[in-house]
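Report on the following structure.
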Amino acid sequence: AGKYTIGISNTVQGNGWREEMICAMKAQALASGEVAKLNIAHRNTDAAGQLEDIRNLISAKVDAIVVNPADPAGIKAGLEEATKAGIVVVAVDQAVTEPSAYIISNNQEQYAYLGAKWLFQKMGGKGEVFYMRGAAGASADSDRDKGFKKALAEFPDVKVAQEVFTGWQQDQAKQQILSFLATGTPINGIWTSGIDNVIVDALVEQQAPMVPVVGADNAGFVGQLSSVKDLVGAAVTNPGSIGGAGVTLALQILDGKKPAQQTVLVEPQLWENATDEGKAKLKSVVDSSLSPEWPVSISIPDWTTYSKEQIVACKGPGE
Amino acid sequence: MTTSPLLDATGVAKNYGAVAALRNASLSVLPGEVHALMGANGAGKSTLVKILTGAIRADAGRILIRGEQLDIRSPAAARRAGLLPVYQEPALIPDLDVLSNLRLTGTPVEPFRAWVRELGIPDLDIRETARHIPLAILRVLDLARALAVEPDVLVLDEMTAALPANLAEKVLEVVRRQGDAGRSVIFISHRFVEISALCDRATVLRDGSTVGVVDIEPGIEERIVEMMLGTRIEKTRVSARAANDVTTAAGSRPRLSVRNLQLGTKLNDVSFELANGEVAGVFALEGQGQDELFAALAGSIRPTGGSIGVDGAPVKFSHPSDAIQAGIAYVPGDRTEALAMQRSVRENIALPFSAALRKWGPIRMRREQVVVSSAVARLQIDTRAQGEVQRLSGGNQQKVTIARWIAANARTILCFDPTRGIDVGTKQEIYKLLRELAGQDKSVLFYTSEIEEVQRVCDRVIVIFGGRVVDTFPVEQADEASLMRAAYGLPRGARADVGILAEVKPGSNAEAAS
Amino acid sequence: MTDSATMPQPVSIGRRLKRFMADRPLIPLIILLVILVVILQMLRPGIVNERWIANTAKFAIPLAILAGCQTMTMLTGGIDLSVGTVATMSAFIMATQIVNQDPAVAFLLAMLPAVLIGLVNGIGVGVFRVHPLIMTLGTSLIGTGFLQVYQRTVIASGARIPDFLNWLGTGVTYGFPNALLLFMPVAVLIVFMLNRTGFGRLLYAVGDNERAARLSGVRYWQVITALYILSSLLAGITGLLYIGLIKAPSLSLAEPLVLPSVAAAVIGGTSIFGGRGGYMGTIIGALILTVLTTLLTILQMPEGGRRILFGFIVLFVTAAYLRIIEDR
Amino acid sequence: MSRFLRNQGWVAGLFALLVFLFIITKLIQPGYGSGDFGSLARAVLPYAFAVAAQTIVVIAGGIDLSVAAMMALTSVTAASMMNGASEEYALFVVPFVLAMGLVLGALNGVLIVVTRVPDIVVTLATLFVLQGAALLVLGAPGGAAAEWLKASVIGTVPISGLPDWADAWVPKALLLLVVCLCIIWIPLRRSRLGLSIYAIGSNELAAFRSGVPVARTRIIAYALSGLFGAMGGLSLTISTGIGAPIPGPYLLASVAAVVLGGVALGGGKGGLLGPIIAVFVLRLVRTDLTLLAIDPNVTAIIEGAIMVAVVMFGAFITIRGRPAGAMP
Ligand SMILES: Nc1ncnc2c1ncn2[C@@H]1O[C@H](COP(=O)(O)OP(=O)(O)OP(=O)(O)O)[C@@H](O)[C@H]1O
Ligand SMILES: Nc1ncnc2c1ncn2[C@@H]1O[C@H](COP(=O)(O)OP(=O)(O)OP(=O)(O)O)[C@@H](O)[C@H]1O
Ligand SMILES: [Mg+2]
Ligand SMILES: [Mg+2]
């Protein structure tokens, strides 16, 4: 029934967050009623591979491209070509350096800053923190590192006991935390880059002293925050549904409603279980029916219009 | 004898772990002589050659070339020093064509072509990939490649072992001329005929040590054998055809009957029978279809026509396991085709026991041990390096390929040149073994490239030429001259002594002769 | 004079020791492992305790089983790159099917793709003679695709880790990880199979010289098909164990284990060209890799430096091992 | 003729497949034109260099798992050197990075020769080392590339004597690829060194006995592989304008294309043309899947299936093509 064809390019496959993002895009395209067809290029690759996908989408003559960039600068050439070909370009999740592109993104630096600051406060402004980063060399990871370091600078008595890269992989993270716990090094808090539920599992399994844990709003971790005894922690939202917002933005632009500025930032929220108010909020968002890797914030007010059934069904127009 | 030696090696030793391949070997070669290097299987001949030509490093020893002590660290260095080997295993690169192989070694092409022609291969296509060239031809090409650079010392390790009679003859002729032209040749062979026809002197190795140097003169053979083996051996004529032979008597069915076998252009209307308790020889020049005949009987390739019967019942083989099931075992001439080189002697011998799906379960180790050891003992395999078959000497590897089927108690054995590269002592053992097998009512089909062997072991000789059975001789009539005539496809003069086969299928000789 | 009587040939002691180790290639491997553990203990005194050992075993076990798949396939000159996908598939299917299904049914459903992929691999390699690397890479791509399609259908129903797997994966009894209950029989079975059964013999023979095996009556395709199915089944079981350990079903759960599983087998002395190797070495190879990972986590150095060190240690360990067992 | 078919039949078949795919593409998207072909050429560039790097060591009887890491390291090195530097400085950067690839590749070879550890383990170790080094050079994606370099893969080359429409079908990227590969490959292929590389891959013992300096040849093969890897890394920097320390998906892709291209894993056989055509085929398949807007999860299944099917088909015709009566 719709009139537009939207191309989508994503470079990480098989990760719960990204899968939710794709489903949000499909659901939003369907819910909007304006999209005839989605053309999704979704695989594991690097910036060069994403350039290839973008150029293929240009060849396929789509009306708009929504892209989760492998790198802010690395796909500039492709995005420029797309704009030249009259295609609307929207980047989600991360910024891009191409000036003609519109950006709707989670604020990654703020994401890390918010969580780290809460954590350091919970630690009483001093002590040792176990810093579990994402993938070494990924741009989202280095943005988050900036935010984390910013918070760290505000708390001079907080020290990083150990810094590890989980590669955003559950098994590596778990092995790392277990090895670390086995060393008996005392810590006062754990900051994770979103690989969180396995960390809590490890603490429980090893009957290690519970320390405050910061993670993302993944279904598994959010559930743990309300159910695991003695666990104090906070989930910082990093909605995968940003993909749906990207589709909405693209459609608005296609319909001639250009936003005031090129970049729209979705600010993260922090849900903690240390206060009653926070607990109530957590209770309201817990969703045990989702896969533990999926963020619970499956919609973004004002930006997405699909229902939970639609995103869970993960069907786009014409499917 | 006043000339100083071209090559002089003394006190050469080489250990492989616990195995002493060479203890104290010496070898002295004069300019212009053809010098035989002799020794039983595993005596260390190949090892010495490899050391002389830089393929492996000796643990001890001194090597002088033209009186100079040279440190030869690689085959390339040996080549610069004027030493060129033709090893026991072909050294052409299988995936390169002949021309590229020549360029790789910097061999001039025209002299190479000339030598190839000289050596009896008139129509070589030098763009052919080495992998697709038969083993025997490869050996000759290897030799031609060495000759083409006119080396001072040519080292030939069992050059003639894999060659059919016609090619071997040419090789001998050429090697002989090398000596006449003032170049030296180190010649390794287990065949005394060749040694006495060709060589001036011989160095004899036993258990890794040089035990003597002798001039070749008539009657020296006994001496050499004595030195090689440390004892005197009985050189009996094992043959004396078994009593049961032609008594393919009325009632008893032949073990194997082949009728009008057809295989593309390679085999044409081949028919013969193999009786119980018979050793039938197959004699042919290179490439007359004997390879295909054996492969077809072994279930390795599917014939395009004709039929095979076992014990009177027709069979169709689609895989070697079918043939094995029918009691037919195949010992290929090329041992690299038959052995798992990194595995132990025991595993290699016991391999057929596990082949069938229903034998995949637990192995009865004790029983296996007994069966394997008795086969090892029966063939007198030197088991010092039994952990890996590749560490056995060439001859001992050959024995393992036969031992496997002795252990499996196969009823019909197809031996394709089984004595290739086997020393005199062991050869006698194998002849005896084959006769014994026949005595135990087993049947053997035996292809050989040596006429002498045919006469010594077989009850009957089937001659193949151009993919056809051209004649069949009872062993008494299988003299060298008539075998050769038949092998070249010449008709037999008299028709009085027709072979057994002719009675079965009249007219086949006439066809072949026309 | 008396010297020579009391000390006969001092040189030969080193040689004898070397020969001793060469005959028992496991001993130098174990020594290398111990050296790594000692270094670890020196870097972080007190780390090597009961708990650490149990943790190391927990992570080494899934790796060791997958490395067992590699060992067996490598013996035939092959490699099985689909084990990661197969393990992930069974884990994911188990975790999602258990929600609505009987555990036994869920288990069968979880093992089904393993058998299928093994069968396809076996037929591809054994009958069509596709190179194992390509064949298993291809089936693993196909498997991943199917898993993603499947994932769509079960998002609504959610996932759960069965308690039994949880117990098996993470539980510890008297200081011993429960996973040993699964691993011990598997290891004994593999070792026994490789050394004392006809099938094991054939794996070596086929990998060493396929033509020779054929002439001895071995049907290549039978051996290979059985092998890849077995390998896939083991991978599937590993997946179940692993999900019990990690407790988070994701679509790339076991992928990170694939390259290390190959490395463990090679470090343990199995030749990738076939015909040579064994499972005991592989087990120790897996332990070495796991300890190494811990060692590097503990080191306070930039990630880049850590990876460089890891690479060099793997190389050094393998080279040292080869030097020791070579008897020439 | 029959020998030509035996030697080149695979490449010819692959080329036919490529032409067939172009026709399909034109049918799917009638507007597919020279500009889109230019995009294809640019997409092919890094893969083609990765495949060239892999091909040369595979022919020499080895395998190089560090290809992608080598590309990452050379890419970040180039990008960080050119960051904020003048346009002319890039004239120095390019040869420097190429030399670096050559040296690091040679190092791979030296390690293999000296340690006598199997190629697969050595290059797995260097994979980690190079990755670590890349992270030390650039902790996160960044850097820059000179404008003239970026321009060198964009657009087409005017060739005198060719009409404009034909010019449009000669993208700079394609020309660059052809020139870079031919400059090295053609003289190599005809030289004694080239033959030596084939020889050590075909039969190392025979090569040694033919007087080939095996160790040196192996080192050179890896050095050339490193050089191609550096070209791949540069092409990444040139096309994206940055360097990324995390290796892209070039390792498995390179192995797959090598096999698809008719180069036998194990060595001694094949050439460079086949694998390069295979890269075009694989990239074009991806284009077609995007043009068709196939469900991305199904694309994984299709790509895997195509890879397996092509190789299976090849194996099948090889079996059928054997001389009369022969069996597999
Ligand atoms: N790589 C090796 N490892 C261990 N032992 C070896 C190795 N190579 C050879 N040997 C042993 O060295 C001895 C001499 O072998 P060599 O090949 O020199 O014998 P040969 O005289 O050429 O015998 P043949 O006539 O059978 O070819 C044998 O006992 C053999 O088992
Ligand atoms: N695993 C084994 N270990 C030792 N010897 C064996 C083994 N299997 C078979 N043999 C021996 O090999 C010979 C032939 O065995 P094979 O199994 O082929 O005979 P068969 O007639 O098919 O017997 P069956 O029908 O009982 O299997 C026998 O002499 C037997 O003793
Ligand atoms: Mg020899
Ligand atoms: Mg039987």
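Just so you know, these numbers come straight off a predicted model, no measurement behind them. Each chain gets a letter, A, B and so on, in the order its sequence line appears, and its residues count up from 1.
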Engaged part of B:Leu84 at the chain D interface, taking heavy atoms whose separation is under 4.5 Å: neither
Option in D:Leu195, D:Val212, D:Leu205 with maximal non-hydrogen atom pairs under 4.5 Å from chain B: D:Leu195
Gap between atom NZ of D:Lys269 and atom OG1 of B:Thr129 - 0.5 Å precision: 9.5 Å
Chain D contacts, top residue of B:Ala55, B:Gly54, B:Ala78 (heavy-atom pairs, under 4.5 Å): B:Ala55
Among B:Ser100, B:Ser74, B:Ala296, residue most engaged with chain D (heavy-atom pairs, under 4.5 Å): B:Ser100
Gap between atom CG of B:Asp142 and atom OG of D:Ser210 - 0.5 Å precision: 7.5 Å
Between CZ on residue D:Phe208 and CD1 on residue B:Ile56, distance to nearest 0.5 Å: 9.5 Å
Reported CG-to-OG distance for the pair B:Leu104 and D:Ser196, which is rounded to 0.5 angstrom: 5.0 Å
Nearest atoms (heavy-atom pairs only) where D:Ala206 meets B:Ile93: C-CD1, 3.8 Å
Contacting moiety of B:Lys50, where chain D heavy atoms sit under 4.5 Å: side chain
B:Arg57 CZ: over 12 foreign heavy atoms closer than 6.0 Å: yes
Donor-acceptor contact present, side-chain D:Arg209 to main-chain B:Ala91, <3.5 Å: no
Atom pair OH/CG of D:Tyr198 and B:Asp95 - distance to nearest 0.5 Å: 10.0 Å
